[in-house]
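Here is the structure we will look at, set down as structure tokens.
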Amino acid sequence: MHYDLLIRNALIIDGCNTPGYPAYVAIHQGRIQRIGDLSGATATDEVDANGRVLAPGFIDVHTHDDTVVIRKPEMLPKISQGVTTVIVGNCGISASPVSLAGDPPDPMNLLGTAAAFVYPRFSDYRAAVDAARPAVNVAALVGHTALRSNHLDDLYRTARPAEIAAMREQLRDSLEAGALGLSTGLAYASAFSAETDEVLQLAEELNAFGALYTTHLRSEFEPVLEAMDEAFRIGLHARSPVVISHLKCAGAGNWGRSPQLLSALEQAARQHPVACDCYPYAASSSTLDLKQVTDAHRITITWSTPHPEQSGRDLLDIAAEWNLSLLDTARTLQPAGAVYYGMDEQDVQRILAHPLSMIGSDGLPEDPFPHPRLWGAFPRVLGHFSRDLGLFPLHTAVHKMTGLTAARFALHERGEIREGYWADLVLFDPQRVRDVADFKNPQQAAEGIDGVWVNGVLSYAEGQSQGARQGRFLPRGAGLSEGFNRYS
Ligand code: ZN
Ligand code: CU
């Protein structure tokens, strides 16, 4: 048999949370054809892995890459980390289905200006992704705030029955077109007024499609356990799996509570498929939120529409220069984005290490001075947390970014190195892999990512994009709700 590609002498970490084993991998027509001792095989292209690790391409489970996959389809911040699939539409905000009357409401502005929202139906977005052919595969959630912006004249109240019916219809139409599920961002002012019942009713659409519910909780501060309860209640009612987005203990008054959060997650997991994602940093980032302005920890400004020259500076320094209070300074900067150094490292590590957590970057690609997670999240888990700190073995790190995620999100034939699966692959050096992006210089590619293949085609190597982009839109696979009783 002659193959398209043969990768020799690799240490295969297959995504299933088991230690690596040496093998050759043969790829043909975009798929993994054979795994084993193929020393006699021939191929058009051959790569000697020299004992380095070959893993499934990483799945970035939490992104805001909705519009950037179309506008900057090279996707260098992601492909350079070994990411081959991004899940978009998180935190209640999605590029589709959206018909805006004016400017996008906060935080939909994280996805771009009004000009970026040109997908009134989910199927329009899906077609645009396929036409743009980004370097990475794209799967998408539908955002609750996006639906609200289509049907409510005022986002600061709960939806009325007719509005809920209209939102349900748009959600159903999107699920029919391949959306993974529904996301909410209940902490944001644009969704905070939505009562639980509004979300419960929308979520009733999910089960028929085997779709799931993901949520940026109503609070990540002191009431976080109550917010988790609300999320589980919605999932149970809808008979749909739940993923808590970027689980954390936010705010100094909340530090040290991660064991409580994780035990609540475990308890819910006994009767219902629930999980969470997290990013490997003790600082968060989003739009500049007056409720989060504090002198208890550092806050830096990442962008500001009226004051673009302040991006990268500390809120405290700007306030001193302007001779204003922190709050008035923040008001003057708005609309703006920020990094909040508001987590405790021990909480971050406990959540990262938990078997129910998946890795997502939550990177903000529009940001002129982004949180370094945009370029560094995945190599940071492999290098800093797994290799250097020994928080978990390398195969567990890989599992949290591949097999676990593909199973949770029903991404068909992805996330494992297995014969017949799509050849989304990353070759990396386990000794050298590390994140280079930091809070001072956040836009730098990782080291040690030596080759990335998307659907069987080499897409990144030697620090650069390679060849033709090969990503495609990934519709929801069958059967998430079939696993609904898996934990009972
Ligand atoms: Zn969020
Ligand atoms: Cu997010």
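Note that ligands are numbered from 1 as they come in the structure, with each ligand's atoms numbered from 1 the same way.
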Side chains of [X] and [Y] in contact at under 4.5 Å (non-hydrogen atoms):
X	Y	result
Val243	His62	no
Met167	Asn150	no
His307	Ile318	no

Just do the side chain to side chain donor-acceptor pair (under 3.5 Å) check on Asn17 and Thr396 with the steps written out, would you? CA-CA 5 Å; Asn17 205 12; Thr396 299; 2.8 Å; yes
Any N/O/S atom from His62 (main chain or side chain) under 2.8 Å of the Zn ion (ligand 1)? no
Derivation of the side chain to side chain donor-acceptor pair (under 3.5 Å) call for Arg414 and Asn455: CA-CA 10 Å; Arg414 310 268 172 188; Asn455 294 308; 2.7 Å; yes
State the atom name: nearest N, O or S atom of His216 to the Zn ion (ligand 1). ND1
I would like to know whether Ser286 and Tyr188 meet side chain to side chain donor-acceptor pair (under 3.5 Å); could you show each step before the answer? CA-CA 10 Å; Ser286 187; Tyr188 291 103; 2.7 Å; yes
Spell out the protein N/O/S atoms under 2.8 Å from the Cu ion (ligand 2) as residue plus atom name.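 The answer is His62 NE2, His64 NE2, Cys91 SG, Asp362 OD1.
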Check: Glu205 main-chain N/O paired with Arg172 side-chain donor or acceptor under 3.5 Å: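 No, the answer is negative, given that no donor and acceptor are paired below the 3.5 Å cut-off.
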